[in-house]
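Each ligand, and each atom within it, is numbered from 1 in the order the structure gives.
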Amino acid sequence: MELQISKVSKAFKNNEQPHQVLKDLSFTIDEGAFVTLLGPSGCGKTTLLNIIGGFLKATKGEVRLNGTSVNRPGPERGFVFQDYALFPWLTVKENILYPLKQQKWSATERAKRLRQLLELAHMEGKENLYPSQISGGMKQRTAVIRALAPMPKVLLMDEPLGALDQHLRHRLQEELEAIWIADRTTVLMVTHDVDEAVFLSDRVIVMSSQHGRIAGDITIDLPRPRGRDRGSETYQDYKDRLTRLVYSSRTFRENQNEEVEN
Ligand SMILES: Nc1ncnc2c1ncn2[C@@H]1O[C@H](COP(=O)(O)OP(=O)(O)OP(=O)(O)O)[C@@H](O)[C@H]1O
Ligand SMILES: [Mg+2]
């Protein structure tokens, strides 16, 4: 599905003081593209993802899926939260099947999808354990495949691979890339890791601390799968470019005299 963010603004009221987080943010993600959001802490990445997911209302503007405006959660959008939010009282298997039960998939279909996902994420044999019994990396994989289970047309992920050691992170990036190559769902992912952004994305959007305004929008033109590309010169050039952009996004100023909207 094509995902369109159209002039989205969001202000929170903190102690009656309006706090403008996003202002007039617009961009479009083509169907089947993998797009990453980078930006300084607090620039509004999670806020934007929550608006797209339908968990939060924009103060102004619209989110459209294939041209239709959406403002509440829907099964066509999968979500991986920043803290991965697994249900601790359900096993890995029950966590993954939860959205499928809600959507009334038949028992046969559920069993088939479960096998497929466990295999994709290399989680076979772990399905009867509880979240507290598996490692952090497995929790993150479980959260990703739970979001993928109902075959969403759009997958929204908020730092899905945060807090992992580099080796595991690289492996999970490769798994995520393989899953995405197989499914070709439209992805919008948040990360703080420039290397991860280059590895996974067709396009990287850099948000600034100035109301989340876009400080850069770069197309990553590298062949896939990218496992062997990490060391290449072009790969490194992309990383350097993005690192500079992220650095400048902290002091990005498009218009110094902006007023807060109410
Ligand atoms: N429910 C809320 N009420 C008030 N202010 C909020 C709320 N949610 C977020 N904010 C504020 O909005 C701003 C953006 O927060 P957000 O969580 O979107 O940042 P982020 O870009 O995801 O940061 P990080 O990289 O640290 O996760 C912050 O200043 C935050 O304090
Ligand atoms: Mg966040």
(message) Which residue and atom name correspond to the protein heavy atom nearest atom 27 (O) of ligand 1, and how close is it?
(response) Q82 NE2, 3.1 Å

(message) Taking 4.0 angstrom as the limit and counting only heavy atoms of H19, give me the atoms of ligand 1 inside it, by number and element.
(response) 29 (O)

(message) For E124, is the CD atom crowded, meaning more than 12 foreign heavy atoms sit under 6.0 Å from it?
(response) yes

(request) Answer with side chain, backbone, both or neither: which part of H192 has a heavy atom less than 4.0 angstrom from an atom of ligand 1? (result) side chain

(request) List the closest protein heavy-atom neighbour of atom 24 (P) of ligand 1: residue, atom name, distance to the nearest 0.1 Å. (result) S41 OG, 3.6 Å

(message) Tell me whether M123 shares a hydrophobic cluster with L120, the cluster being built from Ile, Leu, Val, Met, Phe, Trp, Tyr side chains joined at under 4.5 Å.
(response) yes

(message) With the threshold set strictly below 4.0 angstrom, can you tell me whether any protein non-hydrogen atom sits that near atom 2 (C) of ligand 1?
(response) yes

(message) With respect to the Mg ion (ligand 2), please indicate if T47 possesses an N, O or S atom at a distance under 2.8 Å.
(response) no

(message) Among all protein heavy atoms in this structure, tell me which lies nearest to atom 17 (O) of ligand 1, with the distance rounded to 0.1 Å.
(response) T46 CB, 3.6 Å

(request) Give the numbers and elements of all ligand 1 atoms closer than 4.0 Å to a heavy atom of K45. (result) 18 (O), 20 (P), 21 (O), 22 (O), 23 (O), 24 (P), 25 (O)

(message) Starting from atom 16 (P) of ligand 1, what is the nearest protein heavy atom, named by residue and atom, and what distance separates them?
(response) T47 OG1, 3.6 Å

(message) For the backbone of S106 and the side chain of E109, can you confirm whether one donor and one acceptor N or O come within less than 3.5 Å of each other?
(response) yes

(request) Return yes when atom CG of N128 has more than 12 non-hydrogen atoms of other residues, nucleotides or ligands closer than 6.0 Å, and no otherwise. (result) yes

(request) For G44, take its heavy atoms, then give the atoms of ligand 1 lying under 4.0 Å from any of them. (result) 14 (C), 18 (O), 19 (O), 20 (P), 21 (O)

(request) Look at ligand 1 and say whether C43 reaches it with a heavy atom at a distance under 4.0 Å. (result) yes

(message) Tell me whether F87 shares a hydrophobic cluster with F79, the cluster being built from Ile, Leu, Val, Met, Phe, Trp, Tyr side chains joined at under 4.5 Å.
(response) no

(request) Considering heavy atoms of the protein only, find what lies nearest to atom 9 (C) of ligand 1 and give residue, atom and distance to 0.1 Å. (result) F12 CE1, 3.5 Å

(request) Classify the contact between N14 and ligand 1 as side chain, backbone, both or neither, using a heavy-atom distance cut-off of under 4.0 Å. (result) side chain

(request) Ignoring hydrogens, tell whether any protein atom lies closer than 4.0 Å to atom 31 (O) of ligand 1; use the non-hydrogen atoms only. (result) no

(message) Does atom CD (Q166) have a neighbourhood of more than 12 heavy atoms from anything else shown, all under 6.0 Å?
(response) no

(request) State, with a plain yes or no, whether a side-chain heavy atom of I51 is found less than 4.5 Å away from one of K10. (result) yes

(request) Check ligand 1 against V21 and write out every atom of the ligand that is under 4.0 Å from a heavy-atom position of the residue. (result) 12 (O), 13 (C), 14 (C)

(message) Salt bridge or not between E196 and K239? Use side-chain N to carboxylate O under 4.0 Å.
(response) no

(message) What I want to find out is whether D24 reaches K60 closely enough, with some N-O distance under 4.0 Å, to be called a salt bridge.
(response) no

(message) For F81 together with F55, are the ring centres under 6.0 Å from each other?
(response) yes

(request) Could you tell me the residue and atom name of the protein heavy atom closest to atom 23 (O) of ligand 1, and the distance to it rounded to 0.1 Å? (result) G42 N, 2.8 Å

